[in-house]
Amino acid sequence: MRVLWNELKKILTWKMLILLIFINSVLYFLLIEFDIKHFPNGSHSYSYEMGIEMIEKYGTTMDDDEFIDFKRTYAHQVEDATQYLQSREEFVEEGLDTYEKFLAYDWWNASEEIYALRSNVFFEEKVELFWELQERERLLKFYEMKDVVPDVLSKKKKQRLEELIAQEKFGIYPEVVMMNFKTFIANVGIAILFSVVLVISPAILKDRSRQLVAIQYTTKKGRNLFKTKILAGIIATFIVITALLAVYFSLYSLNNTSMYFDVRVNTFIANESWFDPTFFQFILLCIAGIYIIGLVLGLLSMAFSTLVPNMVSLIGIQIPFVVGFLIIGLYPLLPEMISIWHPKWLSMISYCAMIIIVIIFTAILWKREKKLDIL
Amino acid sequence: MIVVKDVSKQYGDFTALQNVDLEFGNGLYGLLAPNGAGKTTLIKMLATLISPTKGEIFYNGKNINDMDDQYRERLGYLPQQFGYYKNYSPKQYLLYLAALKGIGKKEALNKIDELLEKVALSDVVNKKMKKFSGGMIQRVGIAQALLNDPEILILDEPTAGLDPKERARFRHLLTDLARDRLVIISTHIVSDIESIANEIIMIRNKQLLYKDSVADICATLNGCVFETTIDYGQLEDFRKNNILLSEKQEYGQMTVRFIHKGNSEDEWTSVPPQLEDVFLYEYRDELEGEN
Ligand SMILES: Nc1ncnc2c1ncn2[C@@H]1O[C@H](COP(=O)(O)OP(=O)(O)OP(=O)(O)O)[C@@H](O)[C@H]1O
Ligand SMILES: [Mg+2]
């Protein structure tokens, strides 16, 4: 126990902690801040509010009756909008005295003056009603298309869509929260995985390059210390991931998305997935994903750390490896892990493969270490 | 008792040691050979850091690699080069190693105080090691090897970086320790061991040359070591016919110490051979290469 504790202390030093805080502050401001500070943003905030209204009024699914109610609300608002237009002389003069006319107007070919009127409503006066109506119209369109299966899809994807339609899981709830979470979690993934690699990479190499191994391996503990070092690395990885997740998710809580937690992922617009967890369960899945990828990268870092001759080559291997992994693997394995845009079992198989590979790799390294000449 | 049985070690194609047979009982053994002779190679095999390419090493009849931690817990080892954590004090460093050696914390703290006293580092117990001189680090290394009160103590060039006073203190410590355990120290400095070693081991051409007491090793040159005074001009000639061990300039003349086998001349004084003489004589080829 004392030995393990000592190794852990060697990995999680104050210096490392400061470095971690620094790196994460930089990555936070570069990658993550936007999705916290500017959420919901602009027209998205109407989407966000509308979603909450739908969940409060209709729950996490909408049946036909509820939809009729939704349309009724829309009709009321259209009337309100018409009244607003009629209260403004400029619009009446141009013949835009009902919302229907306003909506049907050929804005692409509008003269500058008329277009200015439209901008006035949306951007200067910021008449909420018009924004809300726009959002409602968008949602209505998605509702109308709820059982259309695009022809271009592969057989399996079509099958899945048909299955969802049969189960009446339509993608009709506003997707802003989901989109926001997906970018957020991908960027958090980047920050956390970089942090893990940063903390874990030097661990084993440092003792070797400082020539501590000769003394360590001739003690009673002997070469078993290698295993303890690996274990310490795993624990350190776990601690780093947990601490950073705690920080980033407390920031995420500022986005106030808990109202959406019970909505199933397939009922968000354009978010068809192979499985159907709730939004909250999906968050948990992503967290589990980060733990797995983090532990895999942590173990691989230790493996590289065991094999490379010096710090320069360690950096030389790690940077392309990690960046490559993040570019290729991060999206399919985290935010898109159950999306139908990837093969159904891709993420599952990738996760299993990664776990098996690192376990085998680590076992091989241990076998090697047991017999290795310490020169 | 350690038995080294027909051990060879190769680094790739390069043979560092060949067919070495050795036995060590209690007492102090000095491993004396010039740079690159294979001292560290032998010692690392004794410390289980590298394994013999051929042959086996036994402790009390059991293969040391099979004994595993039972061997290592009896072992104290000081590598020729060893590392430490710059921000650790000697106390922290020794505590760290004590944990690896399976020594309880309380016991370790007492032992650490005692050992740091022995190597004269009592007043820097809590100072960070990055501020230490080479000799101080070396003494921490010596203390480290003694932490577990080892039955077998193996020190690879322990006197490197020590000043004369510390060397003397260290020799005392070693004599003390060697009373009831097996101590092997490697060095290429004759004076470190000639007065204290029970036996000297010499390696030459990858093989064992001598394993004997100082007296017996010196006896191999009995009657062959002389001193005489010659003119400076004669030196070249003299060097051709004899094996020069040392030369000293005095009053425009040279006092030379040399080896001559065969008939001696009258003006030469026969002197009792010293270990240094044997060392210089046996390794004359290797040492010449260095100069
Ligand atoms: N890792 C290695 N790879 C190849 N050759 C090596 C290696 N280590 C040592 N050697 C060679 O083996 C020989 C013996 O080396 P060793 O370090 O055992 O000598 P030594 O007696 O300890 O020398 P020194 O007094 O300089 O410490 C040397 O010729 C050295 O070049
Ligand atoms: Mg050596």
Side-chain angles (χ1 to χ4, degrees), chain A residues 1-19 199 202-233 235-236 305-306 309-311 314 366-375, chain B residues 9-12 16 40-41 43-53 64-65 67-88 92-105 108 129 137 140-141 144-145 147-148 150 152-154 156:
Chain A
M1 230 16 228
R2 243 167 82 220
V3 175
L4 179 63
W5 177 237
N6 285 340
E7 295 307 318
L8 202 54
K9 275 194 296 193
K10 274 160 50 186
I11 299 174
L12 299 174
T13 56
W14 285 110
K15 243 194 229 162
M16 203 41 105
L17 189 72
I18 292 165
L19 194 60
V199 172
I204 290 177
L205 174 63
K206 252 179 168 171
D207 275 359
R208 195 150 42 89
S209 54
R210 285 187 202 146
Q211 297 187 298
L212 272 146
V213 181
I215 287 185
Q216 289 172 337
Y217 282 10
T218 48
T219 60
K220 183 177 182 204
K221 180 85 186 171
R223 297 179 188 231
N224 285 322
L225 182 62
F226 182 75
K227 285 193 281 188
T228 310
K229 285 182 187 174
I230 299 274
L231 182 61
I235 295 174
S305 192
T306 309
N310 53 47
M311 209 62 185
L314 183 63
W366 163 235
K367 267 197 132 163
R368 169 183 175 272
E369 196 74 16
K370 263 199 298 200
K371 296 255 179 298
L372 188 72
D373 276 359
I374 308 299
L375 297 171
Chain B
K9 179 68 193 178
Q10 277 176 295
Y11 295 111
T40 299
T41 303
I43 280 181
K44 279 192 169 176
M45 285 192 287
L46 290 171
T48 69
L49 284 175
I50 61 180
S51 32
T53 316
I64 58 170
N65 284 314
M67 281 178 80
D68 205 11
D69 58 338
Q70 291 193 20
Y71 177 71
R72 290 192 307 271
E73 74 181 348
R74 295 174 161 82
L75 174 71
Y77 167 60
L78 173 68
Q80 185 169 3
Q81 274 131 17
F82 69 98
Y84 53 93
Y85 302 108
K86 289 191 172 59
N87 287 321
Y88 279 30
Q92 284 173 307
Y93 181 61
L94 293 178
L95 267 176
Y96 171 78
L97 292 173
L100 294 182
K101 290 179 185 231
I103 305 168
K105 190 161 182 178
M129 284 171 78
I137 299 284
V140 177
Q144 161 279 130
L147 261 179
N148 51 333
I152 308 152
L153 181 61
I154 302 179
D156 199 352

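Scope of the values below: all heavy atoms of this structure, side chains included, with no hydrogens, waters or symmetry mates. To find a chain, count down the sequence lines: A is the first, B the second, and so on, and within it residues start at 1. Here the structure is a predicted model, which means the values were calculated and not measured.
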Check: From A/Asn224 CG over to B/Leu100 CG, what is the distance, rounded to the nearest 0.5 angstrom?
Finding: 11.0 Å
Check: Which bit of B/Tyr11 comes within less than 4.5 Å of chain A, counting heavy atoms only: side chain, backbone, both or neither?
Finding: side chain
Item checked: Distance, nearest 0.5 Å, that separates CG of A/Leu212 from CG of B/Leu97 -> 8.0 Å
Checklist line | Partners passing ring pair (Phe, Tyr, Trp, His ring centres under 6.0 Å) against B/Tyr93 (at least two apart in sequence or in another chain) | finding: none
Check: Hey, what do you get for CG (B/Asn148) to OG1 (A/Thr219), rounding to the nearest 0.5 Å?
Finding: 8.5 Å
Checklist line | Side chains of B/Arg72 and A/Tyr217 in contact at under 4.5 Å (non-hydrogen atoms) | finding: no
Next item on the list: List the steps, then state whether side-chain contact (heavy atoms from CB on, under 4.5 Å) holds for B/Tyr71 with A/Thr218.
Entry: CA-CA 9 Å; B/Tyr71 177 71; A/Thr218 48; over 6 Å; no
Note to self: Is any side-chain heavy atom of A/Arg2 closer than 4.5 Å to one of B/Tyr96?
What the structure shows: no
Check: What part of B/Lys86 lies closer than 4.5 angstrom to a heavy atom of chain A: side chain, backbone, both or neither?
Finding: neither
Next item on the list: Examine distances only and state if a side-chain atom of A/Lys221 and a backbone atom of B/Ala99 form a donor-acceptor pair shorter than 3.5 Å.
Entry: no
Next item on the list: Among B/Gln70, B/Glu73, B/Arg74, find the residue that satisfies the side chain to side chain contact (heavy atoms under 4.5 Å, CB included) test when tested with A/Lys220.
Entry: B/Glu73
Checklist line | Side-chain heavy atoms of A/Ile215 within contact of B/Gln144, under 4.5 Å | finding: yes
Check: Hey, mind stepping through B/Tyr88 and A/Lys10 against side-chain contact (heavy atoms from CB on, under 4.5 Å) and telling me if it holds?
Finding: CA-CA 11 Å; B/Tyr88 279 30; A/Lys10 274 160 50 186; 3.6 Å; yes
Margin query: I'd like to know which of B/Leu147, B/Ile50, B/Thr40 tops the heavy-atom pair count under 4.5 Å against chain A.
Written below: B/Ile50
